[in-house]
Every structure is written in C-alpha cells, then in structure tokens.
Number of protein chains: 2
Amino acid sequence: MIPIGVESKAQALDCPVRTILSNVTGKWRIIVIVALEDEPKRFGALKRCIGDVTQSVLTENLRHLERDGYITRSVDPGPPVAVSYALTPLGRDLLEMMKPLIIWSNEKQDTVRAARAAYDG
Amino acid sequence: MIPIGVESKAQALDCPVRTILSNVTGKWRIIVIVALEDEPKRFGALKRCIGDVTQSVLTENLRHLERDGYITRSVDPGPPVAVSYALTPLGRDLLEMMKPLIIWSNEKQDTVRAARAAYDG
DNA sequence: CAGTATCCTTTACGATACTG
DNA sequence: CAGTATCGTAAAGGATACTG
C-alpha cells in the first residue's frame, strides 16, 4: 500500500507520490527530458525543437532539471559560446519510466475525451 | 520517437506527452487516485485520509477526475446524505501505470536530494 | 455530511527588451 | 548564442465562513 496521508509538512516531503509529482509537474519538465532523448542539444536547438516555449521559461526549467540531477549543462566558451544539455543516467531513467505512461495516455485520449463530452452533456 | 514539438495550439492538444501531463499534473489528482486504491471512500474519509487538503480544493479535484472518467460519484440521499467515490476501470488503469513511477521515485529520492544539495552547495 | 462561496497568496507561464 | 531582467497574466492552491 502506498502512503499518501500526511499530518505534517515533513511527512509530505517523504511521501513518494508527492515526490514523483513534483518531478513531473509543470508543463515543461518532461517535455525537455523527452526532447533530449536521442542526443544532447544546445539551447537554441532545444527551443526550436519544443516550439512553443519562451526563452525565460525554458531557462528556468533547464535550471531545475540540472539542479535535480536529471540533465547536465556543458559550456564550450567560443566565441561564440555554445551550451549543450544532455540527459544524465537518472534523467534517462526517468524518461524510461515515463514512456509506458505516455503511450498509455496516447491510447486513452479518446476515452477521456468521450467521458468529458458525456459529463459536459 | 515521441513527438513533442508543436507549431500550433491544435498540435499541442494531440501531443501525448502534453496530454498525460495534464492528467497527472497538479498536486492532488494522483493522490486522490491512490487514496481510492483499496476501496471506495466517502468525501470525509478521503479528506481525512489525505490529511492536508482543504475541502474546496478536494471538491474541485474530485470533479475534474469524475469529468475525465477516472472516478465515479454515487449519492445515497440519507438523511444524512452519503457521497461515495470509487475508481473506474480507467482510473485503476492509470493507478497501475503510475505505480512503477512511484516506486522508482521513492528509490531515487536520496539521489535527487544529493544532486540538489551539491548544486545548491 | 458534503459541499458552496469568497477572498487571498503563490506559483507557473508568457511577452518583451536588453546583454556579454 | 544563450542567456538575464522586468513586467504582467492566469491558474492552482489555501483559509475561512456559510448551508441544505
């Protein structure tokens, strides 16, 4: 059985459900991880690849992911300077854990849409 | 290869990564799903079981989950009225998909904490 | 018991301009 | 190229009071 109930803030920090959620929560974290699947990418390439993320938000998310140990940041001082981001083993591990969920989600999209339409009546 | 880049809003709606994220994102969705794992629960029981969620927020999340087809809501008009929430097959399916991720997250908590401490250091 | 209704704070996200 | 700095908006969450 998975513990979820808490009576204190300290307890919440130890809760695995809450921990994993704080890792995948947010619109961009997992998208960046997925974007780095095949090869390390530079900032500009990452931004173009994702498409609809702004510079400031992308930077912010990259910092979070680096801080938590999911990606690395390598600077090649040019000029021009070139910064490259890559998955760590931990990051690749998270990606592999997410894949079944992503595939499942893709399969069930229509089911959810139907449920929503029925509910909205 | 998982598609993530988009050039339009319509494309973003079809993106599996973004879809699954919108299902599990938020501090409470998955916690409620997990709380319903073993048996249907009434509103009050659910609230006590989770511990640190407010009534209004719990209600809001229950409505979302019901709308998307992950849980059902059954009313037994009393008095006093008793409302029971239960997982649908879809909800149970999502729970099973999340479990490996939850277990993994639990195992890696210390790794992330260490990475964070090193980064902040 | 199981909610609604308000109001407030925090966080995420977004747009734009500027810089070594 | 890869950011930083500012500013503004929007959504999530939280606190509290009230109700059939």
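All chains are named by letter (A, B, ...) in the order of the sequence lines, taking the proteins before the strands, and each is independently numbered beginning at 1.
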Quiz item: OP1 or OP2 of C:dC1 sitting under 4.0 Å from any side-chain N/O of B:Arg42?
Solution: no
Determine all donor-acceptor pairs shorter than 3.5 Å in which one atom belongs to a side chain in residues 108-115 of chain A; sequence neighbours excluded.
{"residue": "A:Gln109", "atom": "OE1", "partner": "A:Arg113", "partner atom": "NH2", "Å": "3.3"}
{"residue": "A:Gln109", "atom": "NE2", "partner": "A:Asn106", "partner atom": "OD1", "Å": "2.9"}

Practice problem: Give each stem of DNA chain D as a range with a range, requiring at least 3 consecutive Watson-Crick or G-U wobble pairs whose two distances are under 3.5 Å. | Solution: C:1-20 with D:1-20
Mind listing the side-chain donor-acceptor pairs of residues 58-66 of chain B below 3.5 Å, one per line with the distance, residues two or more places apart or on another chain?
{"residue": "B:Thr59", "atom": "OG1", "partner": "B:Gln55", "partner atom": "O", "Å": "2.9"}
{"residue": "B:Asn61", "atom": "ND2", "partner": "B:Val57", "partner atom": "O", "Å": "2.8"}
{"residue": "B:Arg63", "atom": "NH1", "partner": "B:Tyr85", "partner atom": "OH", "Å": "3.4"}

Practice problem: Using atom CZ of A:Phe43 as one end and atom P of D:dG3 as the other, report the distance to the nearest whole Å. | Solution: 6 Å
Exercise. Ignoring hydrogens and angles, tell me if any N or O in the side chain of A:Thr88 forms a donor-acceptor pair with the backbone of A:Gly69 under 3.5 Å.
Key: yes
Self-check item: Nearest to side-chain heavy atoms of B:Val83, which nucleotide of C:dG20, D:dG3, C:dG3
Solution: C:dG3
Exercise. Check the distance between D:dT16's P and B:Leu58's CG and give it to me in whole angstrom.
Key: 18 Å
Quiz prompt | Separation of D:dG3 P from A:Leu46 CG (nearest whole Å) | solution = 10 Å
Exercise. Under the salt bridge (charged side-chain N to carboxylate O under 4.0 Å, His left out) rule, collect the residues that match up with B:Asp120, sequence neighbours excluded.
Key: A:Arg67
Quiz item: Looking only at atom types and distance, does a side-chain atom of B:Lys41 sit under 3.5 Å from a main-chain N or O of B:Ser84, one as donor and one as acceptor?
Solution: no
At a cut-off of 3.5 Å, list every protein nitrogen or oxygen paired with a nitrogen or oxygen from nucleotides 12-16 of chain C, distance to 0.1 Å.
{"residue": "C:dC13", "atom": "OP1", "partner": "A:Lys27", "partner atom": "N", "Å": "2.4"}
{"residue": "C:dG14", "atom": "OP1", "partner": "A:Lys27", "partner atom": "NZ", "Å": "2.9"}
{"residue": "C:dG14", "atom": "OP2", "partner": "A:Trp28", "partner atom": "NE1", "Å": "3.2"}
{"residue": "C:dA15", "atom": "N6", "partner": "A:Ser56", "partner atom": "OG", "Å": "3.2"}

Exercise. State yes or no: do B:Leu94 and A:Ile2 share one hydrophobic cluster built from I, L, V, M, F, W and Y residues joined by side-chain heavy-atom distances below 4.5 Å, directly or via other members?
Key: yes
Quiz prompt | Those residues that, when tested against B:Arg18, pass salt bridge (charged side-chain N to carboxylate O under 4.0 Å, His left out) (two or more places apart) | solution = A:Asp52
Exercise. Find the distance A:Lys47:NZ to D:dG3:P and express it as a whole number of Å.
Key: 13 Å
Exercise. For B:Ser105 and B:Leu101, indicate whether the former's side chain and the latter's backbone hold a donor-acceptor pair under 3.5 Å.
Key: no
Quiz item: So, is A:Arg63 close to the D:dA2 phosphate, meaning a side-chain N or O under 4.0 Å from OP1 or OP2?
Solution: no
Quiz item: Which whole-number value in Å describes the distance from B:Leu62 CG to C:dC1 P?
Solution: 16 Å
Quiz prompt | Any A:Tyr85 side-chain N or O less than 4.0 Å from OP1/OP2 of D:dC1 | solution = no
Quiz item: So A:Val53 and A:Leu46, side-chain contact (heavy atoms from CB on, under 4.5 Å) or not? Walk me through it.
Solution: CA-CA 10 Å; A:Val53 65; A:Leu46 217 36; over 6 Å; no
